[in-house]
Amino acid sequence: MTKYFEVLRRDGPARLGKLLLERQIGTPSLLTADDFSSAGSIFRHSSLEDAASAAQALIESRPDAKRLTIMPYAPAFLRSEPSVILPTCKMDGPKGIVLQPFSSEKPDEADVYVLAFAGVLRNPRDLISAVVGARKCIPPDTALYAPALATPANLAFLVYLGIDLLDSTRVVADGLLGRYHTRDGVWDAKDLSELPCRCEHCRKLGERRDDGRLLAAHNLLKLEEELLVVRETTRSETIREYVERQVRVTPDLTASLRVLDQEHRYLEMRTPQQRRSTFFANTGESLQRVEVTRFAERVIQRYKAPQSDVLLLLPCSAKKPYSMSRSHRLFAEAVGSHHRYLHELILTSPLALVPRELEEVYPAASYDVPVTGRWDLEERAWLCKCLDAYLEKNRYAKIVSHLDGELEEAVKSHGIDAVYTGGGTNGPALVRLSEAIAQACHGAARLPDARLLRYRALADVYFGSGAGEALLAGKVQIRGRELQDERKKPLAMLTVNGALALSLEGAKRIEPLGRYIVTIGDFMPKGSLLAPGVVDADSEIRPGDEVIVRGERAFGLGKAKMSGWEMVASRRGVAAELRHMKEMKQ
Ligand SMILES: [Zn+2]
């Protein structure tokens, strides 16, 4: 199955793929009536046998053509189970099955699943629970088609939600009814004194505002244009940012994104560990993003701060990594040689806490947020919750807070026991910082080499608690950006984007923890590891994660291209790009 569909790239639940019908369709895409044949509802036929033979006739009518054939379906009311269970129809070509939303029945195998009632799922909760429910019950390497739903305004959200195939039904029908669509919403064409579009159809519409065909043609053009934008934002890994701004068009769409954000596990299972794009935290919804909660969860649960008597709290800077900014250079000067006796924690929105060792980890090194100096109640609550959890796990004898304005007030009013300097970067402020640090560090224990602490922290954050200890066991040393064992063999190195790349020796040290492992069959893979070759994979693996690949004949490393659960459930697609594969002696 799924010989006809393959997912090529992912950005959260949004996917770029290819559907191999008579024409190769790059998804997300708009299906047309020419792309498929449908046996239709069983009620069009006099009996179930008739419906089955109609489907068989469809399949046999074009035996060589790779035409999507949609099996007959039994209509049912929304939220009810199908009235009859139809017999499975065997066929060679691409097969489509109509999926009843909210049904508990496991659907038959197919290449494309057609979501019934998609066009009437206008209520955000129904829409999200229908699509999320559908995605959970169908294999990840199959396509989901939602007919009669797409408009230029909602297309980005629908693709982000996890729909691969849409169509022009709704905008064309709307056009014939006199409605005019753009990415910014829909109007009654007669109410517009000027048309906000210069396409050839709109030029003609000037005089003939009620010409349904022209309106439909314009609407379709706008939908197609939007599809190109959505594909490009998925490709450049910025679809979330695009969706956050696009859903402002209507309260229903904004509500839809908020409801989807409550499906946090659904999003988390599909969100890559790292993106090439800068993370824009422009909206209230940004605080709910997987990247934010995942980073905080890793800082609090996986990461363990070095043993230190003194903690210094600092504000973030616009420039990343923070230590390259003017303000952080001034702080470093003020702290001077005392930096060996203290640990630094940067407080920021929306990531909450960034330990200095993790400042180059995604998204700490590549996020941007509108800076106003204001901390609203939601941001404060999130920050304080993270800070409490952090200080519960990592204890310090003294805390120096060099924070200013509302950030200082938030931490102070939360009752954090610290020396508050008032923050700032001017001369007197830096003197206050310097004096507070000198006093706090008096008699404090010296910390290990900061570079070693960084390797330890990165290993913990990427491979889970205990990975740092395993990687740095025994005598280790650092040369340049490389961590070496005592025989000078490389264990790991820092990549240019601040991530940790293991060597085979390093992988051997981390492997016994049993995390981020992809188990393969008895073969020696080269280049790309394909999903059918995967026997098992850690369910924590996300696209972009460094993974340890092991099988009876091979051991090595790779970069995951899909999530671990997806590697196990897929029969098509690249599971990981490999490097350093070594053949094991039998
Ligand atoms: Zn137009």
Side-chain angles (χ1 to χ4, degrees), residues 11 14 16 19 21 23-36 115 118-122 124 127 145-161 163-236 238-257 282-283:
D11 188 11
L16 294 177
L19 182 63
L21 303 182
R23 60 174 180 133
Q24 180 175 321
I25 299 175
T27 64
S29 187
L30 305 175
L31 275 193
T32 69
D34 294 337
D35 294 319
F36 61 86
L115 191 66
V120 296
L121 293 169
R122 304 282 169 92
L127 173 67
Y145 170 31
L149 189 57
T151 67
N154 70 15
L155 185 71
F157 178 75
L158 296 177
V159 170
Y160 180 63
L161 179 57
I163 298 172
D164 306 291
L165 297 166
L166 295 130
D167 61 32
S168 61
T169 309
R170 188 165 159 194
V171 290
V172 169
D174 274 0
L176 298 174
L177 294 169
R179 296 197 192 105
Y180 184 87
H181 279 273
T182 73
R183 178 196 298 181
D184 300 313
V186 56
W187 292 267
D188 198 328
K190 291 198 296 296
D191 295 343
L192 294 169
S193 38
E194 282 187 287
L195 295 179
C197 175
R198 301 293 289 153
C199 78
E200 53 169 325
H201 314 296
C202 287
R203 284 168 196 262
K204 291 181 197 153
L205 273 169
E207 311 86 59
R208 291 174 283 157
R209 213 37 86 74
D210 54 352
D211 189 325
R213 282 170 187 278
L214 286 177
L215 286 170
H218 155 87
N219 288 350
L220 176 58
L221 181 71
K222 293 293 122 176
L223 188 63
E224 287 171 344
E225 283 176 4
E226 182 66 4
L227 181 66
L228 293 174
V229 174
V230 171
R231 281 217 285 257
E232 194 51 40
T233 55
T234 310
R235 208 170 283 129
S236 62
T238 55
I239 190 162
R240 172 73 196 205
E241 280 76 7
Y242 184 69
V243 166
E244 281 187 16
R245 64 181 220 252
Q246 180 56 29
V247 295
R248 304 289 164 226
V249 167
T250 65
D252 256 7
L253 268 177
T254 307
S256 299
L257 180 60
N282 277 338
T283 73

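Along the sequence shown, residues carry numbers from 1. These values consider heavy atoms only, across backbone and side chains, with no hydrogens, waters or symmetry-generated copies. Counting starts at 1 for both ligands and their atoms, following the listed order.
Between Arg235 and Glu232, at least one side-chain N (NZ, or NE/NH1/NH2) sits under 4.0 Å from a carboxylate O, which counts as a salt bridge. Ion pairing between a basic and an acidic side chain is recognised when a charged N comes within 4.0 Å of a carboxylate O; Glu226 and Lys222 show no such pairing.
If you look at the Zn ion (ligand 1), the protein N, O or S atoms less than 2.8 Å from it are Cys197 SG, Cys199 SG, Cys202 SG, His218 ND1.
Side-chain atoms of Thr254 come within 3.5 Å of backbone atoms of Val247 as a donor-acceptor pair (strictly under, hydrogens ignored). No donor-acceptor pair closer than 3.5 Å links the side chain of Asn219 to the backbone N or O of Val172.
Ring planes of Trp187 and Tyr180: tilted class, angle from 30 to 60°.
Counting only N and O atoms by type, the side chains of Asp252 and Thr250 include no donor and acceptor under 3.5 Å apart.
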